[in-house]
Trainee: 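Sending over a structure as structure tokens; questions will come in a sec.
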There are 2 protein chains.
Amino acid sequence: MKAQALHGHLDALLLAVLEQGSLHGYAIIESLRNRSDGQLDLPTGTIYPALRRLERAGHVASSWSTVNGRERRTYRLTDAGRQALAGERSGWREFSSTVGRFLDADIPPGAPA
Amino acid sequence: MKAQALHGHLDALLLAVLEQGSLHGYAIIESLRNRSDGQLDLPTGTIYPALRRLERAGHVASSWSTVNGRERRTYRLTDAGRQALAGERSGWREFSSTVGRFLDADIPPGAPA
DNA sequence: GCCGACAAGTAGGCTTGCTACGCATGAAGG
DNA sequence: CCTTCATGCGTAGCAAGCCTACTTGTCGGC
């Protein structure tokens, strides 16, 4: 699946992943890959700038730590981020139900449910 | 709702609208608005270039007609467009189920299905 | 005569994600 | 010892996609 189609929903995904616990960038990528059965395999060039954006927006906060001599930047969801996530969720439901009205409906007879 | 979030799915919506019958640009806009209860109110600057793209791609074909002295360009779905629509539909299901796994899940207890 | 609904279109800009890089450490294998 | 791979962070530049704002033109009502 072309991850490209994420357009506009990447931030929501990142917030959703961080909702279940703080993670560093590399782990976020793995979490997305695992939880989506490999369908979301996002490159670092997509994730890191997105995290920066979210931090600038105040939706996440980061702190450095060193593990095995490797520097990690761990991100956690802020209160504002939690609120933003709630908004993203309702926005997603609205979006998916609206688009679904056009694309999920009219399933040709014989198609599996 | 910010129609901006359509990113990447507009073509599919247009094809889906035309699936139910040929329409001219202005009528397509109205059809989207009506069938979405006013949630999709797309400006002409979004629709017309998109229809051009679809025509260039061979997914729709157009023909001019004059009604009440007003020129209309009516679009109809081609066979290739019908195939493309099928592909868009399966892509949409994959996309929505993948993103939904992150955003629909974890609905706090008490939320309506 | 003017304004609003109908009908089509273009130009330019902004956001967003991707590709392709670069840098650094630690463990494993030759 | 040296190379390679997995871990881990990051930037620069590009391409796609949709929106804002504007233009052109007809018809009907005031």
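Proteins come first, then strands; the chains are lettered A, B, ... in the order of their sequence lines, and each starts at number 1.
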Trainee: Looking just at side-chain N and O atoms, do A:S65 and A:R72 make a donor-acceptor pair shorter than 3.5 Å?
Mentor: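 No - no donor-acceptor pair under 3.5 Å links their side chains.
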Trainee: Please check the phosphate of D:dC9 (OP1 and OP2 only) for any side-chain N or O of A:R72 closer than 4.0 Å.
Mentor: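 No, no such contact exists.
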Trainee: Axis-to-axis angle across the helix from C:dG1-D:dC30 to C:dG30-D:dC1, five pairs an end, to 10 degrees?
Mentor: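 That helix gives 10° between its end axes.
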Trainee: Counting only side-chain N and O atoms of A:Y26, is one of them less than 4.0 Å from OP1 or OP2 of D:dT7?
Mentor: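 So the side chain of A:Y26 is within the cut-off, an N or O lying under 4.0 Å from OP1 or OP2 of D:dT7.
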Trainee: With a cut-off of less than 4.0 Å, is there a side-chain N or O of A:H24 near OP1 or OP2 of D:dG8?
Mentor: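 It does, given that an N or O in the side chain of A:H24 lies less than 4.0 Å from OP1 or OP2 of D:dG8.
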Trainee: Find the distance A:Y48:OH to C:dG17:P and express it as a whole number of Å.
Mentor: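 Checked: the OH to P distance equals 17 Å.
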Trainee: Parallel, tilted or perpendicular: which describes the rings of A:H24 and A:Y26, with under 30° parallel and over 60° perpendicular?
Mentor: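 A:H24 vs A:Y26 ring planes: parallel.
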Trainee: Using a heavy-atom cut-off of 4.0 Å across all strands, would you classify A:G45 as base, sugar-phosphate, or nothing?
Mentor: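 Since a base atom lies under 4.0 Å of A:G45, the category is base.
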Trainee: Indicate whether OP1 or OP2 belonging to D:dC18 is found under 4.0 Å from a side-chain N or O atom of B:R53.
Mentor: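 So the side-chain polar atoms of B:R53 do come within 4.0 Å of the phosphate oxygens OP1 or OP2 of D:dC18, strictly under.
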Trainee: Verify the contact: side-chain N or O of B:R52 to OP1 or OP2 of C:dA8, cut-off strictly under 4.0 Å; return yes or no.
Mentor: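 Checking C:dA8 against B:R52, no side-chain N or O comes under 4.0 Å of OP1 or OP2.
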Trainee: Looking at A:D37 and B:R101, is any side-chain nitrogen of the basic one under 4.0 Å from a carboxylate oxygen of the acidic one?
Mentor: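 Yes, this pair counts.
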Trainee: Could you please name the option among D:dC9, D:dT7, C:dC6 that lies closest to any side-chain atom of A:E30?
Mentor: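 Shortest atom-to-atom distance from the side chain points to D:dT7.
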Trainee: Specify the separation, in whole Å, of atom CD1 of B:I47 and atom C1' of D:dT20.
Mentor: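 Distance, rounded to whole Å: 15 Å.
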Trainee: Atom CG of B:L32 to atom P of D:dC18: distance rounded to whole Å?
Mentor: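 So the CG-P distance, B:L32 to D:dC18, works out to 12 Å.
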Trainee: Look at the side-chain N and O atoms of A:R70 and state whether any lies under 4.0 Å from the OP1 or OP2 oxygen of D:dA6.
Mentor: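 No, because none of the side-chain N or O atoms of A:R70 sits under 4.0 Å from OP1 or OP2 of D:dA6.
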Trainee: Apply the side chain to side chain contact (heavy atoms under 4.5 Å, CB included) test between B:H59 and each candidate in B:L18, B:L15, B:L85, B:D79; give the one that qualifies.
Mentor: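 Output: one option passes, namely B:L15.
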Trainee: Between A:I29 (CD1) and D:dG10 (P), how many Å, whole number?
Mentor: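 Rounded to the whole Å, the gap is 11 Å.
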Trainee: Do A:Q20 and A:R35 have side-chain N/O donor and acceptor atoms under 3.5 Å apart?
Mentor: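 Result is yes, a qualifying pair exists.
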Trainee: Choosing from C:dT16, C:dA8, D:dG8, which nucleotide comes nearest the side chain of A:H7?
Mentor: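 Comparing C:dT16, C:dA8, D:dG8 against the side chain of A:H7, the answer is C:dT16.
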Trainee: Could A:R93 and A:E88 be called an ion pair, given the rule that one side-chain N must be under 4.0 Å from one carboxylate O?
Mentor: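 No salt bridge links A:R93 with A:E88.
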Trainee: Please report, rounded to the nearest Å, how far the P atom of C:dT10 is from the CZ atom of B:R56.
Mentor: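 Value for this atom pair: 9 Å.
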Trainee: To the nearest Å, how far apart are A:R73 CZ and C:dA24 P?
Mentor: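 Rounded to the whole Å, the gap is 18 Å.
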